[in-house]
Trainee: 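Supplied in structure tokens, the structure appears directly below.
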Amino acid sequence: VKTQLKIAAGYPMAELGLPGGEGKAAATLRGFAIQCRVSLAPGGGPEVSAYREPVGEGIRVDGALYEGCKPSMHYDPLVGKLICFAPGEGDVAFQACRELSIDALRRYEITGVNTNKNMLRNILQHPEFVQNEILLSFMNRHSAQLNSAGAAPEQQQASAASKSSASTRREVMVVIAPIEATVVQVVAKEGDEVKRGDVLVLLSAMKLETEIHAPADGVVTKICIAAAETVKSGQDLVVLDALVEDAGAAAIVAHEAALADRRHHVTARQQGGVDPIAVWYGPLEGVQPCWGASASSLRLPP
């Protein structure tokens, strides 16, 4: 940082001990480094139940979590920077650094809360990243694939076949908030006909926006919230008169069971208990300092 400030102030490169001039790099290339920015993601519980950072040659972790901590929804979701370094030049060093990052992510244990570790792993293993041919449009083109493994082609074909042959029936479905958040926008209106996957509500928590999608085709019969309102985990957002497949009755039963279970936990929290399905706790719980231990074993060659 000191060097950057001096460069901005107009100091010549020679006075800073850096090579300069045409065809000369400002610093000697000593290897490749990749930083994986680990962030909280919607889902999971309110408390970190287990936490362990990876250690080893070329691995550094700047972490903010610790076992037993309860991240607040009012702060940035970034909770860890995993930096991996591999010495050398060219593709050999790049691939070594990439593989070290994948292994370190695997050994970076964070349970109890959800994170984006799976997405980071998928990025590192994507063919475009492996070939070091990342463009600015990478996330826009591959976000769905990076965030979920997806069904196998045979499963997709079977699903399409069952949809074409299954009969349907009407079912009342309540769409609830998966996290404690602020309502940014209510996209759907009462009386709207929606398709499965259409965005109904846009929520915001920890500087992240979460789209709430329609779980099935249907008609919006009730809007339970308004823009700028703060909602709790498990709170009703939208009620649908949904058109569901009879073949998916088991899924509907599972949906209703999950809804009942979520309401049970929300009631427990309101009575002074702990809600194990909320993502982050609010201002009543206060802000706990992130004093957890952080390991660093990054060693650069001389």
Side-chain angles (χ1 to χ4, degrees), residues 40-46 73-74 114 143-144 147-148 151 159-160 162-284:
L40 297 176
M73 65 169 285
H74 301 288
N114 276 2
S143 59
N147 280 287
S148 61
S159 176
S162 64
K163 285 184 178 180
S164 62
S165 60
S167 59
T168 58
R169 59 188 175 84
R170 291 287 179 181
E171 185 83 22
V172 175
M173 298 186 74
V174 180
V175 181
I176 61 177
I179 57 176
E180 180 181 350
T182 300
V183 179
V184 176
Q185 181 183 4
V186 181
V187 179
K189 300 179 180 63
E190 291 185 3
D192 283 357
E193 292 187 4
V194 295
K195 296 292 185 181
R196 180 178 182 179
D198 285 353
V199 178
L200 302 176
V201 179
L202 188 62
L203 302 179
S204 175
M206 295 188 78
K207 299 182 181 179
L208 291 175
E209 292 188 349
T210 300
E211 294 180 343
I212 305 301
H213 300 271
D217 297 354
V219 177
V220 178
T221 59
K222 185 178 180 181
I223 301 293
C224 308
I225 39 83
E229 181 179 338
T230 299
V231 296
K232 296 181 179 180
S233 174
Q235 183 173 333
D236 293 356
L237 300 177
V238 177
V239 179
L240 295 177
D241 178 18
L243 188 64
V244 299
E245 299 173 6
D246 284 334
I252 298 301
V253 171
H255 169 80
E256 292 174 347
L259 182 61
D261 184 61
R262 185 177 293 268
R263 298 208 186 288
H264 166 75
H265 292 306
V266 170
T267 301
R269 179 182 63 185
Q270 292 170 345
Q271 294 174 350
V274 175
D275 178 9
I277 57 170
V279 181
W280 302 290
Y281 270 40
L284 295 179

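Count residues from 1 along the sequence. What's counted below: heavy atoms across the whole structure, side chains too, no hydrogens, waters or symmetry copies.
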Trainee: With rounding to the nearest 0.5 angstrom, report the CD1 to NZ distance, I176 to K232.
Mentor: 14.5 Å
Trainee: Other residues, nucleotides and ligands only: do more than 12 of their heavy atoms fall within 6.0 Å of CD on E190?
Mentor: yes
Trainee: Tell me which one of V175, V174, V172 satisfies side-chain contact (heavy atoms from CB on, under 4.5 Å) with L240.
Mentor: V175
Trainee: What's the shortest heavy-atom distance between H213 and G197, and which atoms?
Mentor: ND1-O, 2.7 Å
Trainee: Does the side chain of V187 come within less than 4.5 Å of L200's, by heavy atoms?
Mentor: no
Trainee: With rounding to the nearest 0.5 angstrom, report the CE to CG distance, M173 to D241.
Mentor: 11.0 Å
Trainee: Out of L202, V201, L203, V199, which residue meets the side-chain contact (heavy atoms from CB on, under 4.5 Å) rule with Q185?
Mentor: L202
Trainee: Return all side-chain donor-acceptor pairs below 3.5 angstrom for residues 216-225, not counting sequence neighbours, or 'none' if the list is empty.
Mentor:
unit_1 : atom_1 : unit_2 : atom_2 : d
D217   : OD1    : R196   : N      : 2.6
T221   : OG1    : V239   : O      : 3.1

Trainee: Identify the heavy atoms of V184 and S204 that sit nearest to each other, and give their distance.
Mentor: CG2-CB, 3.3 Å
